Every structure is written in structure tokens, then in C-alpha cells.
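Naming: A, B, ... by sequence-line order, numbering from 1 per chain. In this text the structure is predicted, and so the values were computed from the model without any measurement.
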There are 2 protein chains.
Amino acid sequence: MSQYEHTCMIRGDGGRTIRTILDRICDKWTLLVVATLDQQRLRFTDLHRQIPGISQRMLTLTLRNLERDGLVSRTAYAEVPPRVEYALTATGRSLIPPALALAGWAIEHIADIEASRAAYETRSAP
Amino acid sequence: MSQYEHTCMIRGDGGRTIRTILDRICDKWTLLVVATLDQQRLRFTDLHRQIPGISQRMLTLTLRNLERDGLVSRTAYAEVPPRVEYALTATGRSLIPPALALAGWAIEHIADIEASRAAYETRSAP
DNA sequence: CAGAATCCTGAATGATACTG
DNA sequence: CAGTATCATTCAGGATTCTG
């Protein structure tokens, strides 16, 4: 099957499926949290430390959404002080390869894109 | 190289590279426009017709950003009435495979995700 | 430690009307 | 036909404070 015929995966149903998934992973932090949890269970504070710039609030929200969607598991231990561990589920792990495909594309083309952007600015703002 | 070692592609530089690209493609319409232009040059109105729900304003903005980033080329013909054709550049075409990888993941896992989401709702809103 | 609650701002999107 | 210009709305995300 050609690439052309595949784009129906994106355009099918007016883009609702792709939208559902983009809504999941395209916020500011989700992909970073998933990548950070790759191959390691982490506590809330450790995640917070390993993701520079994220606020407590956004880390909480991001983890809740990932948990809700079944990409991340949350394990709370009845201890004092409390201990909570987060880890990827099988579904969560399965997101890594396509995410890497995208990251690879980004790395490969970011120079071209930024050059094009710079040239565009020059043209429109003399 | 293992998948684990690869996630540095996402986490490297605090996620700035992946952010740059997510900022490009994660708005509501970009990926849909790119997929629609796959294998065909289209005029503004044709694009507008082929992408249900998009407003003129958002189509314009999306195309401008794509053009600015060098993913889409814009060709204006000096005719009356005006004719403008949009097409993917080589860089734009190169985005299709990773986008399809993501779409494939979405299709494969959307049922699980929505089930998990439904179960989560039931749990938290009795 | 692992969060919840609240307030606030800018940016993305949409609706509508106008134009070379 | 291919846009531009304005206005209104919504909401993601950040800062801050409080708590079991």
C-alpha cells in the first residue's frame, strides 16, 4: 500500500482519531513525562526534578491524564511520609516508538525549518 | 541501540527540540492540512472544501505557518480571478511517515484509551 | 512527600464582515 | 478567488498558597 493511501489514517473521519491522540500527547509536558518514565518507575518528586521547568500543578495534571488514559500506572504506598510511584503501562510503552519517529524527524529537519523561518522573517520584515 | 537510549532524543536539551516540532504540528489543523496536500497540489478553496470544519481564517494561518517553516510551497498565478496553489515541499512530504506512525498508534490504541477513560470516570464520579 | 485550591494571563480558535 | 481585519471566547498553563 502506498503512502498516499495511508494518509486516510490521518484524514479519515475528518481527523477525529488523529485529533484524539494529538490532544493526548501534544500538550506541553505529556511526551516529556512519558519519555522520562521510559524504563524506570519514579516518584512524584523525582519526576519533578528530572523534568526541568514543569510546575507541580502541571506535573499532577499531566500524570492524572496519563493515568486516566491508561498510559501510566500510579501506585501509592500506605506509608508516612507518603510514597507514590509512577510507571508506564504496556500501552504507555507502546507510545515510545512512534514518539521517537517524530523526534527523529524533528532532529533531522529542525535546522532546515529554522533556516526557512529566519528567511521568511527577513522577507516580510525588511 | 536500545529504545531506552533513544529517549534522549525526546528528553535531550530539556525537550526543546521535540517541543519545537510539537509546536509546529500539534495545533488543531496542521497535520490535517499536510495529509490533505499529500500527493496533490490544491487551491485555497479546494483545501477549504476538503477539510471539514476549518474556518478561512484558520486555513490561512495554518498555511502561512507551514509556508514559513518550509513545509508547504505557495504559488500565486497573476490571473483574474486570482489562483493560488499549495503543495508540500520535500520537507513537508518527509513529515508524512512519522505522522502515519503516530496515526497508526492512535488507531491501534484508541479503543483501550477510551475504555480506560470511561472506567476512570466511573471510579471518580459515582 | 504528594498533592489540592485558587487566581490570573496570553495564546489559540471561532464567528463575522469586508476587499483587491 | 483568496484572502484580511476585528471582536469575542475559551482554556492551557504558570504562580502562589495551603494541607493530610
Side-chain angles (χ1 to χ4, degrees), chain A residues 14-16 18-33 36-37 41-69 72-87 120 124-125, chain B residues 14-16 18-33 36-37 40-69 72-87 120 123-125:
Chain A
R16 229 161 293 166
I18 193 73
R19 271 284 88 230
T20 306
I21 215 52
L22 288 184
D23 288 345
R24 280 315 91 195
I25 71 163
C26 281
D27 56 87
K28 197 165 175 183
W29 301 108
T30 293
L31 220 54
L32 235 43
V33 170
T36 304
L37 284 175
R41 316 171 56 75
L42 286 176
R43 303 178 60 163
F44 187 88
T45 305
D46 293 330
L47 265 169
H48 197 193
R49 265 193 288 263
Q50 292 204 27
I51 303 176
I54 195 171
S55 65
Q56 265 189 353
R57 173 184 141 83
M58 288 317 295
L59 180 54
T60 302
L61 286 177
T62 304
L63 286 169
R64 286 291 165 279
N65 286 334
L66 285 168
E67 188 195 356
R68 169 190 142 125
D69 289 352
V72 157
S73 69
R74 176 185 186 274
T75 313
Y77 297 89
E79 304 174 355
V80 176
R83 179 162 61 101
V84 177
E85 286 184 354
Y86 293 94
Y120 190 89
S124 51
Chain B
R16 231 162 292 166
I18 193 73
R19 272 282 88 231
T20 305
I21 215 51
L22 288 185
D23 288 346
R24 280 314 91 196
I25 70 164
C26 281
D27 56 87
K28 197 165 176 183
W29 301 108
T30 293
L31 220 54
L32 237 42
V33 170
T36 304
L37 284 175
Q40 49 181 353
R41 315 173 56 78
L42 286 175
R43 303 177 60 161
F44 186 88
T45 305
D46 294 330
L47 265 170
H48 197 194
R49 265 194 288 263
Q50 292 203 28
I51 303 176
I54 195 171
S55 64
Q56 264 189 354
R57 173 183 141 83
M58 287 317 295
L59 180 54
T60 302
L61 286 177
T62 304
L63 287 169
R64 284 292 166 278
N65 286 333
L66 285 168
E67 188 195 356
R68 168 189 142 124
D69 288 353
V72 158
S73 68
R74 177 185 186 274
T75 314
Y77 297 89
E79 304 175 355
V80 176
R83 179 162 61 101
V84 178
E85 286 183 353
Y86 292 93
Y120 190 90
R123 237 173 300 142
S124 52

* **Spacing of B/W29 atom CH2 and B/L66 atom CG [to the nearest 0.5 Å]** => 14.0 Å

* Structure fact -> B/L63 atom CG is separated from D/dC1 atom C1', nearest whole Å, by 14 Å

* Of all the heavy-atom pairs spanning B/T36 and B/Q40, show the shortest one and how long it is. => O-NE2, 2.8 Å

* Structure fact -> Between B/H48 and B/S55 the two heavy atoms that sit nearest each other are NE2-C, 4.0 Å

* Rounding to a whole Å, what distance do you find between A/D23:CG and D/dT10:P? -> 18 Å

* To do: List the protein contact pattern of nucleotides 9-14 of chain C with one symbol per nucleotide (5' to 3'): B for base contact, S for sugar-phosphate-only contact, - for none; contact means a heavy-atom distance under 4.0 Å.
  => ----BB

* Structure fact -> Residues A/F44 and A/Q56: closest non-hydrogen pair is CZ-O, 3.9 Å

* To do: Whole angstrom is fine here: how far is it from CG in B/D46 over to C1' in D/dA2?
  => 12 Å

* Structure fact -> Correct closest heavy-atom pair for A/V84 and A/R74 would be CG1-CG, 3.7 Å

* Given C/dC1, C/dG3, D/dC1, which nucleotide is nearest the side-chain atoms of A/T60? -> C/dG3

* In whole angstroms, how far is the C1' atom of D/dA2 from the CG atom of B/L42? -> 14 Å

* Would you mind reading off the distance between B/R64 atom CZ and D/dA5 atom C1', rounded to a whole angstrom? => 14 Å

* Would you mind reading off the bend of the helix from C/dC1-D/dG20 to C/dG20-D/dC1 from its two end axes, five pairs each, to 10 degrees? => 50°

* Structure fact -> When rounded to whole Å, the CG to P distance for the pair A/L59 and D/dT16 reads 18 Å

* Separation between CG of B/D46 and CD of B/E85, rounded to the nearest 0.5 Å -> 9.0 Å

* Structure fact -> All heavy atoms of B/L22 vs all of A/I25, minimum pair found to be CD1-O, 4.3 Å

* Asked: Residues from residues 72-87 of chain B sitting under 4.0 Å of DNA chain C, heavy atoms only?
  -> B/P82

* Looking at A/R19 and B/C26, what are the two nearest heavy atoms and their distance? -> NH2-O, 3.7 Å

* Which is it for B/N65 and B/D27 under the side chain to side chain contact (heavy atoms under 4.5 Å, CB included) test, yes or no, and what are the steps along the way? -> CA-CA 11 Å; B/N65 286 333; B/D27 56 87; 5.8 Å; no

* In whole angstrom, give the distance that lies between atom CZ of B/F44 and atom P of D/dC1. => 11 Å

* To do: Decide side chain to side chain contact (heavy atoms under 4.5 Å, CB included) for B/Y77 and B/R43; before the verdict, give the C-alpha distance in whole Å, the side-chain angles of both, and the deciding distance to 0.1 Å.
  => CA-CA 11 Å; B/Y77 297 89; B/R43 303 177 60 161; over 6 Å; no

* Steps toward side chain to side chain contact (heavy atoms under 4.5 Å, CB included) verdict (A/L47, A/L37) -> CA-CA 8 Å; A/L47 265 169; A/L37 284 175; 4.1 Å; yes

* To do: Calculate the interatomic distance between A/L22 atom CG and D/dA12 atom P; express it in whole Å.
  => 15 Å

